[in-house]
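So the structure is just underneath, and the comments pick up after that.
Because the structure is a prediction, the values reported are computed rather than measured. What you see below is based on every heavy atom in this structure, not just the backbone, and it leaves out hydrogens, waters and symmetry mates. Chain naming here is simple, since letters A, B, ... match the order of the sequence lines and numbering starts at 1 in each.
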Amino acid sequence: MAEELSKQYNPKDTEDKWYKIWEQNNLFSAQASADKIPYCIVIPPPNVTGILHMGHALNNSIQDILIRYKKMKGFSALWMPGTDHAGIATQNVVEKALAKEGLKRQDLGREKFVSRVWEWKQLYGTTIINQLKKLGCACDWERIRFTMDQDYSAAVTEVFVRLYEKKLIYQGHYIINWCPRCQTALSDEEASHIELQGNLYYLKYPLKDNPQEFISVATTRPETMLGDTAVAVNPKDKRYKKYVGKYLILPIVNRPIKIIADSTIDMEFGTGAVKVTPAHDPNDYALGKKHGLEFINVLDPDGKMNASTQKFAGLDRFKARETVLEELKLLGLLEKTAAHTLSAGHCYRCHTIVEPYLSKQWFVKMKPLAKPAIAAVKKDKIKFHPARWTKVYLNWMNNIQDWCISRQIWWGHRIPVYYCKACQAKNSKAGIIVSRTKPLKCPKCSSEDLIQDEDVLDTWFSSWLWPFATFYWPQKNKDAKYFYPTATLVTAPEIIFFWVARMIMAGFEFKKQLPFKDVYIHGTVRDSQGKKMSKSLGNAIDPLEIIAEYGTDALRYSLISITSQGQDIYLSKEKFEQGRNFANKIWNAARFILINLKPEEVNVDLCLFFKREQLDPVNRWILSRFYTTLSKVEKDLDDFKFNEAAGSLYAFFWHEFCDWYLELIKPQISQKTTQVVMYKILEKYLRLIHPFMPFISEEIWQRLPGAKDSIMQQHWPHLQGGLINRKDEEQMELAFELINTIRNMRAELEVNPASRVDIQLTVNNQLTRESLEMLASYIKNLAKINNLIFTDQYIPQINQYAVVLKDLHVVMPLAGVINITEQLEKIALKIEKLKAEIKNKEGMLANKNFTSRAPEEIVETERNKLADMHEQVKKLEVIKNGLH
RNA sequence: GGGCUCAUAGCUCAGUUGGUUAGAGCGUUGCGUUGACAUCGCAAAGGUCAGUGGUUCAAGUCCACUUGGGCCCACCA
């Protein structure tokens, strides 16, 4: 051993060091290789503006486990990294920085502003990447992509043009979600509906023919009344039947508006009469189209009332609401105000209340794209884990709406549409040129006066191409062929619609193939109150802080161990102590082994070295437990049960390997077989734990005698099924029980020396002779009883061997001094329970349904169990009678 | 309105084809530990598995309903 290990594991000494070495030695790279099976994960590209939060930490820890595991399993495992340009988010960040200089983006102009964003990206865009490295992510950084790389942008343009040519992209005036702060359209998914306490205002509109008569309408947004062009009622509504077709005078504006009838109107709600504002409400828009109403826009893009509202012009929409209400009140036309909860869309970026707004935007027709994407999931070609997300996905896909893809911002992929002014002058619908490259002149009239569409594309319009655009689609190349379709996608539930569903559609549309086979949806990280963790709420636990305090491995282990089957995670800081303690435990166990290791003894092949039968029970037991654990971990990882795998690894190492095995072998630690087994288990265990805790496993690995390569280059241990033996395990479990019993007795006897009487302790199950012999020495050692004499005395009445302790006499393996009545009660209870159990078993074995279906072995073991139970009842009854 | 999800020890949670005695971490209590580890060890206490009914030889697990949380979707003015 080169250097002494410190008593405590110190992650700071190891993490950055090993990450650098892994990178320098190219250990993250994955290549197309004919003799290996590909395994590829594309990272959910974090925003360039991103900083690592717990959601990232969880998401990427899971991916890293999969990649490192598959790599060790011999796959060519590629983790494709990259970042997303995150249109609105990034533009907001840069605009904020500009604001500090007292500048607006308009002051710079488009070109300068965009180059400012690029500058920002160069400076800060790698923050999140460096943080992923801190987390230990084994991404192939040589391949890192950005959604606005030149060839990636080419892919985006290509997709736009193809869809346009297929008539799946169209332009139109529609009501969209408009963020007045970002001043752009948002897709439906980007406008999240939040419940608000608001008011329902009842406004009175006078009849044109008879101004003394009114119809009341209810609205939550009274300022939009300035744009009303009708009032609608249900044709079945008797209250209003006589008014249909007549006119009202819109107050304040004094414009006549028609009363129309439409069956979509709910007679129960409000007054049953609805003001219709076709330019400011999606439902009203539909009514407007249907009934040929006028569309009057009353808002400017910044959310202020526009010039058409005359005296209200320039007022913010909320200020205008108050003013309009005041005025109506003065006119005596505000009938009443009632409290009302409503849900209003909020910009997912800046949380401003969005406004339904009529504007000209680009849309993708989604229904045709959805078809194959629905079929693939229905046919299980793509599987969601946990499966319940399948339903969520299908539900959305079956009701899919067209996707508004244009955004009125500057940072992003500019829409590849050009307008010929000359042609448009003749016909406003003509003169649209959609082109992969900027055309020099109009193909129709040869005019060179062309301007490009001002808008950029929704960020997700580039992200949905991620699984293949990262491989330089539409160019053809070897890697794309080898790694696509990718294997697993690991992501959070909130982007199933934004991203997952659209990637599946894009995969089928442009690659004619699914983009990935498995989708693992993990839970959302919440604080201990159940609120979503976010920086703005101030409830976030910063993963980097945890790394600094507890270490990366601790962070990763703790996160993984508490994430079960996609259930949300309620996090508090204490949870990371378990990870830290575990890392320290591994460290100290390794330290103990290395201190006691004779390197010249252990350089042998475990399997060739000995046969199972030649080992003592303890070594046999730990080998069996190790391989049992290995097979369980493999199965759990293949089933995406990461917490189960982590739990098995923890329980094995701490409670079996450390608590029992290392304690038991102390007296025999210099024996050759013990040396070999102890060393081999440590060495193999490090490989198992490596995907979960990459740094500490490498650090210890490198201190093993003769370690050459990185642990990353090691193969995952092969399963040695022959070393798993359930009988061996059972024997030791019984022995442990016995040892603990004796320990307790000893404690009790020390407290009450007067109670020293002859006690005979029986083992309440059949331990083999061999195990009993071995036990004697361990008992002496562990229980620290010096006057212990072991005999293999056989007690025929109960068909058992006994351990006899001098001065002790016990009939049951019970701790301490025995209260006879208490014991009788306990025994009676046990007998009762056993009898119930026997009845149960007998029913089971009598059931043909069971006996014919279950394999013969299982039926057999059940029969044996039943026989055992009968035996036990007999024994207990003997004891019961003896005690009487 | 539709859908999903949760209710298991004082707390936070595991428990996936129904099958001996329902587990872990933290906390509590007792005992222990100066040579791997106090970021430690051993043990104890603590559970009518939310409630009711059903299916079954057998239910924490499957079904129905009830109660109480959380989340998502939807065009309620």
Side-chain donor-acceptor distances from residues 265-276 of chain A under 3.5 Å, at least two apart:
from, atom 1, to, atom 2, distance (Å)
Asp266(A), OD1, Glu268(A), N, 2.9
Thr271(A), OG1, Ser216(A), O, 2.5
Thr271(A), OG1, Ala273(A), N, 3.2
Thr271(A), OG1, Ala273(A), O, 3.3
Lys275(A), NZ, Thr224(A), OG1, 2.7
Lys275(A), NZ, Asp228(A), OD1, 3.1
Lys275(A), NZ, Thr277(A), OG1, 3.0

I need the [atom1]-[atom2] distance between [X] and [N], as an integer number of Å.
X         : N      : atom1 : atom2 : value
Phe653(A) : C37(B) : CZ    : P     : 14 Å
Ile562(A) : C13(B) : CD1   : P     : 9 Å
Asp636(A) : A14(B) : CG    : P     : 15 Å
Leu394(A) : G2(B)  : CG    : P     : 20 Å
Asp639(A) : U17(B) : CG    : C1'   : 12 Å
Leu342(A) : A74(B) : CG    : C1'   : 15 Å
Ile681(A) : A36(B) : CD1   : C1'   : 17 Å
Glu494(A) : C73(B) : CD    : P     : 10 Å

In whole Å, what separates the [atom1] atom of [N] from that of [M]?
N      : M      : atom1 : value
U66(B) : A7(B)  : C1'   : 14 Å
G15(B) : G2(B)  : P     : 29 Å
A64(B) : U12(B) : C1'   : 31 Å
G25(B) : A14(B) : P     : 16 Å
G60(B) : G19(B) : P     : 9 Å

Pair partner, [N] [Watson-Crick or wobble, under 3.5 Å]:
N      : answer
A64(B) : U52(B)
G41(B) : C31(B)
A77(B) : none
A36(B) : none

Check this for me, if you would: do Glu549(A) and Lys573(A) make a salt bridge, where the nitrogen-to-carboxylate-oxygen distance has to be below 4.0 angstrom?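 Yes, this pair counts.
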Side chains of [X] and [Y], heavy atoms from C-beta outward: is any pair under 4.5 Å?
X         : Y         : value
Asp553(A) : Ile689(A) : no
Arg580(A) : Tyr9(A)   : no
Ile215(A) : Lys204(A) : no

Would you tabulate the pairs of protein nitrogen or oxygen atoms and nucleotide nitrogen or oxygen atoms of nucleotides 24-26 of chain B closer than 3.5 angstrom?
from, atom 1, to, atom 2, distance (Å)
G25(B), OP1, His655(A), NE2, 3.0

On the ring face of Phe652(A), is Lys632(A) found with NZ or CZ under 6.0 Å from the centre and within 45° of the axis?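 No, Lys632(A) does not lie over the aromatic ring of Phe652(A).
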I want to confirm an ordering. Mapping Glu268(A) and Trp654(A) to their closest nucleotides on RNA chain B, which one lands closer to the 5' end?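 With Glu268(A) and Trp654(A) compared, the 5'-side residue is Trp654(A).
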If you go through the side-chain atoms of [X], does one of them form a donor-acceptor pair with the base of [N] closer than 3.5 Å?
X         : N      : value
Asn840(A) : G19(B) : yes
Glu663(A) : A36(B) : yes
Lys641(A) : U16(B) : yes
Lys585(A) : C37(B) : yes

Using a 4.0 Å heavy-atom cut-off, does Phe497(A) contact any base of the nucleic acid, only the sugar-phosphate backbone, or nothing at all?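 Touches sugar-phosphate only.
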Under 4.0 angstrom between Lys391(A) side-chain N/O and C72(B) OP1 or OP2: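 For C72(B), neither OP1 nor OP2 has a side-chain N or O of Lys391(A) closer than 4.0 Å.
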Counting only side-chain N and O atoms of Lys7(A), is one of them less than 4.0 Å from OP1 or OP2 of C37(B)?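 Looking at the OP1 and OP2 atoms of C37(B), one of them is under 4.0 Å from a side-chain N or O of Lys7(A).
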Quick check on the 6.0 Å ring-centre criterion: do Tyr685(A) and Phe657(A) meet it?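 No, the ring centres sit 6.0 Å or more apart.
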Only one of Tyr550(A), Phe692(A), Phe582(A) passes ring pair (Phe, Tyr, Trp, His ring centres under 6.0 Å) with Tyr557(A); say which it is.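 When Tyr550(A), Phe692(A), Phe582(A) are each tested with Tyr557(A), the ring pair (Phe, Tyr, Trp, His ring centres under 6.0 Å) holds only for Phe582(A).
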Proximity to the side chain of Arg591(A) - top-ranked nucleotide from A14(B), A77(B), A36(B):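 Looking only at heavy atoms from C-beta outward on Arg591(A), the closest nucleotide is A36(B).
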How about Ser572(A) and Glu574(A): does a side-chain donor come under 3.5 Å of a side-chain acceptor?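 Glu574(A) and Ser572(A) do have a side-chain donor-acceptor pair below 3.5 Å.
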